[in-house]
Amino acid sequence: MKSGFVAIFGKPNAGKSTLLNALVGEKLAIVSHKSQTTRHRIRAFLNGDGYQVIFSDTPGIIDPEYKLHEKMMQAVRGALEDADLALLLVDLREAPEVAHAVFEPLKLRVPAFVVLNKTDQVSAETVRQAEAFFADKPYCKAVLAVSALRKENLEALTAKIIDMLPEGNPFFPEDELTDLPTRFFTAELVREKIFELFEQEIPYHATVLVAEFKELPHLVRIKADIIVQRESQKAILLGGKGVMIKKLGTEARTSIESFLGRKVYLELFVKVRPKWRDNELHLREYGYN
Ligand code: GDP
Ligand code: MG
C-alpha cells in the first residue's frame with residue numbers, strides 16, 4: 001500500500017482546481033469552509049488499488065510580478081515541504097521563466113514534478129521548449145505536460161505520483177468519501193485544540209481521525225480518535241482524572257458547533273498506535289513546522 005500527500009502549487013489560473021478535478025474525477029471533495037489556522041486545505045482524495053493520494057492546494061497567492069513577501073514564501077514553502085511530493089503547475093501560455101522565478105526561490109527539498117498545463121492551447125514546439133527549460137532545474141524531478149481540461153496525459157501523471165509515494169496505510173477511510181471533507185475539518189478542529197492546549201511534543205505526535213459522523217435530527221454525533229504513539233502521550237492528553245481530555249472535548253465541540261452550525265455531541269477516544277511512528281514524516285502533515 002502506498003499513501004501520501006501531494007501539494008499542488010501554481011499561480012492563480014494555472015489550472016490547479018481543474019487538475020484536482022480531473023485527477024480525482026467524481027471523487028472530488030471540495031472543502032468550502034476553512035478555519036483560519038488550517039494550513040492545509042485538503043481538497044481531494046484519490047483512492048485506488050493499493051494507493052491513496054491526498055491532494056491539497058497550497059496556501060497563499062502567488063503573483064510573480066511582485067516580489068513575494070518573505071513570510072508568504074515561507075508559508076508556501078512550509079506547506080510544500082510538508083507534502084511527500086509537490087506538483088509545480090505551469091501555464092504553458094506563459095513564458096517558463098515566469099514560473100521559474102517563483103519556483104526557484106522556494107529552494108524546495110521535497111521532490112517536485114513540474115506539470116506543464118494547457119497543452120491544448122500551445123504548439124508542440126512550445127511544450128518541447130518548456131520541457132527542456134525545466135528539465136535541468138534543481139527542483140525538478142520530472143516534467144510532465146498535460147491538459148487538465150481535456151484530461152490528457154493524466155494517467156501518466158497519476159502513475160508517476162503514485163511511484164513517488166511512500167509505503168504506508170491510507171490516512172483516511174477509503175469509503176464514505178462524500179462526507180470526508182466535513183469529517184476532515186471536524187478532525188482539524190479537534191487537532192487545532194490540541195495545539196492550543198498541549199505543549200510542543202503532543203501535537204506533533206497526535207493525529208485525529210473521525211470514526212463516526214452521524215447527522216441526527218437534533219444534533220450531529222461525532223466520535224473521534226486521537227491517535228498517539230506512546231502511552232505517556234496518552235496520559236498527558238487525558239490529564240489527571242481526565243481533566244484535559246474533558247477540556248479538549250468541550251472546546252473542540254464548541255468550535256465544531258460553530259463550524260457546522262449545528263448542535264454536536266462529541267466523544268473523544270485516545271488511542272496508542274506505535275506503528276504511526278513509521279509514518280512520522282506523514283504526520284507532519286497534521287502539524288505545524
Ligand atoms: P487555478 O486558479 O489554478 O485553480 O485554475 P483553474 O483550475 O480555476 O483554471 C483557470 C482557468 O484555466 C479556467 O478557465 C480553466 O478552465 C482553464 N484551464 C485549466 N486547465 C486547462 C487546460 O488544460 N486547458 C485549457 N485550455 N484551459 C484550462
Ligand atoms: Mg483554483
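In each ligand, atom 1 is the first atom listed, and ligand 1 is the first ligand listed.
Note: an N/O pair closer than 3.5 Å links Ala148 and ligand 1 by distance alone. Below 3.5 Å of separation, one finds no N or O of Arg150 facing any N or O of ligand 1. Looking at ligand 1, you won't find any N or O of Val146 less than 3.5 Å from one of its N or O atoms.
Screening Ile54, Val53, Leu20 against Leu46 for a side chain to side chain contact (heavy atoms under 4.5 Å, CB included) leaves a single residue, Val53.
The shortest heavy-atom contact between Leu197 and Met244 is O-CE, 3.9 Å.
With no hydrogens or angles considered, no side-chain donor-acceptor pair links Tyr265 and His218 at under 3.5 Å.
Going from atom NZ of Lys271 over to atom CZ of Arg273 covers 5.5 Å, rounded to the nearest 0.5 Å.
Scanning for ring pair (Phe, Tyr, Trp, His ring centres under 6.0 Å) contacts around Tyr51 gives an empty result, with sequence neighbours left out. Annotation: salt bridge (Lys or Arg N to Asp or Glu O under 4.0 Å) contacts of Asp91 (sequence neighbours excluded): Arg93, Lys118.
If you look at Asn117 next to ligand 1, the close heavy atoms, those under 4.0 Å, all belong to the side chain. Counting heavy atoms under 4.0 Å from ligand 1, residue Lys11 touches it through the backbone alone. Residue Thr18 touches ligand 1 through backbone and side chain together, judged by heavy-atom distances below 4.0 Å.
For ligand 1, the atoms sitting less than 4.0 Å from at least one non-hydrogen atom of Gln121 are 26 (N), numbered in the order shown with element in parentheses. Atom numbering of ligand 1 starts at 1 in the shown order; those under 4.0 Å from a heavy atom of Gly15 are 1 (P), 3 (O), 5 (O), 6 (P), 7 (O), 9 (O), 19 (C). The contact set between ligand 1 and Asn13, taken as ligand atoms under 4.0 Å from a residue heavy atom, comprises 1 (P), 2 (O), 3 (O), 5 (O), 10 (C), 11 (C), 12 (O).
Under the 4.5 Å side-chain criterion, counting only non-hydrogen atoms from C-beta, Leu87 is in contact with Ile161.
Using a 4.0 Å heavy-atom cutoff, Ala14 is listed among the residues neighbouring ligand 1.
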